[in-house]
Engineer: 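Before I ask anything, here is the structure I am working with.
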There are 2 protein chains.
Amino acid sequence: MTKPPVTIRDVARLAGVSVGTVSKALNGYGQLREQTRDAVRNAAERLGFRPNDLAQSLLRKRSFTVGLISTDSYGRFSIPVLEGIESALEPTRLSVFLCRADDPVRERRHVDSLLAKRVDGIIVTGRRTDRRSPVDLGGASVPVVYAFAQVADPRALCLLPDDRGGARLAVDHLIGLGRRRIAHVTGPVDFEAVRKRRQGFRDALAAAGLRGRAGHVLTGAWSEAFGREAAQYLAGLRPAIDAIFCGSDQIARGVIDSLRETGVRVPDDVAVVGFDNWDVIAAATRPPITTVDMNLHELGRQAGLRLLDMIDGPRPSGVECLPCRLVVRQSCGAATGASADILPEHHDGAYAA
Amino acid sequence: MTKPPVTIRDVARLAGVSVGTVSKALNGYGQLREQTRDAVRNAAERLGFRPNDLAQSLLRKRSFTVGLISTDSYGRFSIPVLEGIESALEPTRLSVFLCRADDPVRERRHVDSLLAKRVDGIIVTGRRTDRRSPVDLGGASVPVVYAFAQVADPRALCLLPDDRGGARLAVDHLIGLGRRRIAHVTGPVDFEAVRKRRQGFRDALAAAGLRGRAGHVLTGAWSEAFGREAAQYLAGLRPAIDAIFCGSDQIARGVIDSLRETGVRVPDDVAVVGFDNWDVIAAATRPPITTVDMNLHELGRQAGLRLLDMIDGPRPSGVECLPCRLVVRQSCGAATGASADILPEHHDGAYAA
DNA sequence: ATCGCAACGGAAAACGTTTTCCGTATAGGT
DNA sequence: ACCTATACGGAAAACGTTTTCCGTTGCGAT
């Protein structure tokens with residue numbers, strides 16, 4: 001029922017030449033008459049010949065494959081990274097093996113399996129609350145890049161978004177718009193990202209000569225509900241605050257919804273900036289959220305490119321922070337009409353049966 | 001710099017036996033003294049030997065690998081399917097090659113590449129607006145399963161969520177709660193899912209002897225904004241409607257937000273049911289949305305299992321619809337307190353500096 | 001002692017390529 | 001006619017396994 005795939009031998013037979021000649025003809029090698037080459041190409045074409053990558057890789061000692069280990073279940077963060085990696089690998093002939101490894105033992109198994117498949121490199125992605133332990137290569141000398149994941153091992157190469165710089169970007173923007181009493185509502189402090197963003201927040205205040213108030217930094221869950229709760233608290237403060245920098249777009253949405261329903265105008269009374277640029281949230285909020293984009297696609301792309309370099313080149317190490325970018329929508333009060341940075345929620349209200 | 005991986009020959013040398021013996025010892029084959037077996041295992045252990053899967057696959061004519069082609073960029077639909085597939089493959093020693101193929105030419109390239117790697121099977125996933133053309137295997141006889149994707153080829157096996165049944169579930173539920181004047185707000189009609197869900201909506205009304213009104217089915221964008229717009233329109237209708245079945249959770253959220261702000265109570269005045277169970281939306285809405293879950297994880301798992309069967313078994317074909325499931329939260333007015341089906345948004349409002 | 005039979009483990013083929021090396025024509029020069 | 005250089009294409013090794021087949025060895029039974 002399942003007929004065997006056509007091999008180079010079949011092509012050779014049909015073309016009336018030896019297998020070596022087929023290989024040369026198809027790969028543009030050696031000294032062959034154009035006529036022979038054509039005959040072979042023809043035979044290959046007619047048979048629908050695909051060289052067996054397995055055999056090729058075995059010989060070449062390269063699989064033209066990279067492994068991708070994603071800790072944390074694929075979520076809104078992993079995906080852009082994934083896409084970025086693919087976009088870097090796409091122009092090469094490399095393909096990617098995907099593994100999800102929620103726990104260390106599964107990760108171990110997957111790494112083993114990748115090694116057994118002789119992958120040319122491994123990218124580890126997926127941020128946990130804190131730095132992870134390095135993958136155990138068991139003596140194999142395969143390049144590894146950590147993307148959106150930080151590892152203790154100083155010999156590893158890690159690519160991370162510049163959370164601190166991103167926060168700085170956001171708060172500088174608010175300050176530039178004349179806001180002076182700025183609060184920060186963010187996630188659980190056991191996330192390193194939370195601590196870094198808070199640092200960026202403080203950097204910006206300090207740089208502008210503003211004094212941060214202890215009661216102006218609120219940490220809680222990464223949820224709209226917490227955003228609403230925090231907004232209620234902040235709205236009661238006197239003297240009133242005039243801006244809120246949120247640690248995530250979900251929080252920002254909760255904050256904005258709550259303020260609006262309390263009668264506080266956003267951005268007029270209080271400007272709000274979020275983090276993540278999760279556009280399902282950010283663009284659907286009223287007003288749409290100005291937010292920090294971590295450029296995760298680009299981060300993934302860089303990870304792919306770096307790995308490519310490392311496959312047959314030097315193996316750099318260290319932690320690299322890639323810059324974030326501010327996406328200006330309307331919740332900060334800066335956008336006037338249709339700026340290029342405004343990404344409106346797609347909408348065409350066609351009614352029909 | 002990159003030292004060559006340890007081969008079975010190295011192990012044989014260290015253990016003082018032949019390569020064949022190593023293979024037998026490690027795979028529990030043949031007749032060997034326990035002592036020999038141990039010696040080999042020891043040597044392998046000490047060297048950190050990993051059999052080269054490439055060589056193995058070449059010989060076995062099986063790569064223990066399946067290809068996964070995801071049309072449409074990985075989104076909230078692809079991911080649960082992906083995870084489901086992985087959960088089915090996880091207990092086997094199969095790994096998955098991931099390819100994203102936005103356009104036909106890329107898809108072509110990826111399929112070629114997968115075939116060259118002699119994958120044992122291919123799963124195609126990712127719903128477009130309508131049925132896609134089958135992947136071109138170019139004569140190879142590799143089993144293919146379409147998951148969350150429908151193809152014209154009648155010899156193909158397609159797994160789809162039962163959109164029509166899911167809609168029926170939702171509307172039956174509303175009717176069971178005593179609602180009689182039910183509207184339907186949904187996405188663009190060029191989606192087959194939209195047409196199927198609308199059919200389910202009508203089925204349910206008809207089964208209950210209710211008359212559907214033309215003006216009660218509104219189609220537009222898959223957006224909160226459209227939901228709000230539609231809600232405004234429906235709220236003005238007299239006699240008043242008492243329930244809305246929405247084609248997506250995003251639409252439902254827009255509907256609910258808009259109703260609440262207009263002073264219409266949900267679920268008391270108007271009950272709302274959504275579709276997708278996208279919990280970032282559904283659980284964060286006030287009140288949390290009762291919604292239809294397409295069981296995409298299970299669908300992916302089934303796809304994986306079916307492919308496993310097809311790899312060395314018969315190759316069934318046809319379209320199979322897997323049942324949806326209603327997740328009851330509060331927007332329909334059925335939930336009383338903490339039902340097992342209520343999935344509250346995680347939230348712990350701890351304040352801190 | 002001789003035979004037979006297990007038990008053990010080695011040798012070699014096979015998988016499908018690539019690539020090096022070599023043999024044979026053919027052509028060109030004297 | 002002979003030598004040589006070149007063009008062409010075949011033979012075979014190599015990649016790292018698995019598995020079949022066969023040769024030894026040692027043992028117990030006659």
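Predicted, not measured: the structure shown is a model, and the values here were computed from it. Throughout, protein chains are lettered first and strands after them, A, B, ... in sequence-line order, and every chain is numbered starting at 1.
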Engineer: In whole angstrom, give the distance that lies between atom CZ of Arg33(A) and atom C1' of dG9(D).
Structural biologist: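 Result: 9 Å.
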
Engineer: Can you name the nearest heavy-atom pair linking Met310(B) to Arg315(B), along with the distance?
Structural biologist: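 Result for this residue pair: O-NE, 3.0 Å.
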
Engineer: For Arg37(B), report the nucleic acid contact type (base, sugar-phosphate, nothing); a contact means any heavy atom under 4.0 Å.
Structural biologist: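 It contacts nothing in the nucleic acid.
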
Engineer: What integer distance in Å separates Gln31(B):CD from dG10(C):C1'?
Structural biologist: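 About 14 Å, once rounded to whole Å.
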
Engineer: Could you pull out the closest heavy-atom pair between Arg118(B) and Val6(A), with the gap in Å?
Structural biologist: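 Heavy atoms only, the tightest pair is NH2-O, 4.1 Å.
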
Engineer: With a cut-off of less than 4.0 Å, is there a side-chain N or O of Arg9(A) near OP1 or OP2 of dG16(C)?
Structural biologist: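 Result: no.
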
Engineer: Would you say Thr36(A) reaches dG9(D)'s phosphate, i.e. side-chain N/O to OP1/OP2 under 4.0 Å?
Structural biologist: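 So the side-chain polar atoms of Thr36(A) do come within 4.0 Å of the phosphate oxygens OP1 or OP2 of dG9(D), strictly under.
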
Engineer: Ignoring the backbone of Leu58(B), work out which of dA7(C), dG16(D), dT17(C) is nearest its side chain.
Structural biologist: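 Of all the options, the side chain of Leu58(B) is nearest to dG16(D).
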
Engineer: Expressed as a whole number of angstroms, how long is the span from Arg13(A):CZ to dG10(D):P?
Structural biologist: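 Rounding to the nearest Å, CZ of Arg13(A) and P of dG10(D) are 14 Å apart.
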
Engineer: Take the protein atom NZ of Lys117(B) and the nucleotide atom C1' of dT17(C), then report the distance between them rounded to whole Å.
Structural biologist: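 Taking NZ of Lys117(B) and C1' of dT17(C), I get 14 Å after rounding.
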
Engineer: Could you state the atom-to-atom distance from NZ of Lys61(A) to P of dT17(C) in whole Å?
Structural biologist: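 So the two atoms are 19 Å apart, to the nearest Å.
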
Engineer: Using whole Å, report how far CG of Asp10(B) lies from P of dC15(D).
Structural biologist: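 Interatomic distance, CG of Asp10(B) to P of dC15(D): 11 Å.
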
Engineer: How many Å lie between CD on Gln35(A) and C1' on dG9(D), as a whole number?
Structural biologist: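 To the nearest whole Å, that distance equals 13 Å.
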
Engineer: If each of Glu34(B) and Val6(A) is mapped to the nucleotide of DNA chain C with the nearest heavy atom, which maps nearer the 5' terminus, i.e. the 5' end?
Structural biologist: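 Nearest nucleotide further toward 5': that of Glu34(B).
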
Engineer: Side chain of Asn52(A) only, heavy atoms from C-beta on: which candidate in dT17(C), dG9(C), dG10(C) is closest?
Structural biologist: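 For Asn52(A), the side-chain atoms sit closest to dT17(C).
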
Engineer: For residues Leu299(B) and Phe148(B), report the shortest heavy-atom separation together with the two atoms involved.
Structural biologist: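 Of all heavy-atom pairs spanning Leu299(B) and Phe148(B), the closest is CD2-N, 3.7 Å.
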
Engineer: Looking at Arg41(A) and Glu34(A), does any basic side-chain N land under 4.0 Å from a carboxylate oxygen?
Structural biologist: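 Glu34(A) and Arg41(A): salt-bridged.
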
Engineer: Looking just at side-chain N and O atoms, do Ser63(A) and Lys117(A) make a donor-acceptor pair shorter than 3.5 Å?
Structural biologist: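 No, no side-chain donor-acceptor pair sits under 3.5 Å.
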
Engineer: Go along nucleotides 18-25 of chain D 5' to 3' and tag each nucleotide: B for a protein heavy atom under 4.0 Å from its base, S when only backbone or sugar atoms are that close, - otherwise.
Structural biologist: BBB-----

Engineer: Can you check whether Ile123(B) reaches Val144(B) side chain to side chain, under 4.5 Å on heavy atoms?
Structural biologist: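 Counting from C-beta outward, Ile123(B) and Val144(B) never come under 4.5 Å.
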
Engineer: Count the heavy atoms belonging to other residues, nucleotides or ligands that lie under 6.0 Å from CD of Glu45(A), then report whether that count exceeds 12.
Structural biologist: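 No, the 6.0 Å shell around CD holds no more than 12 heavy atoms from other groups.
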
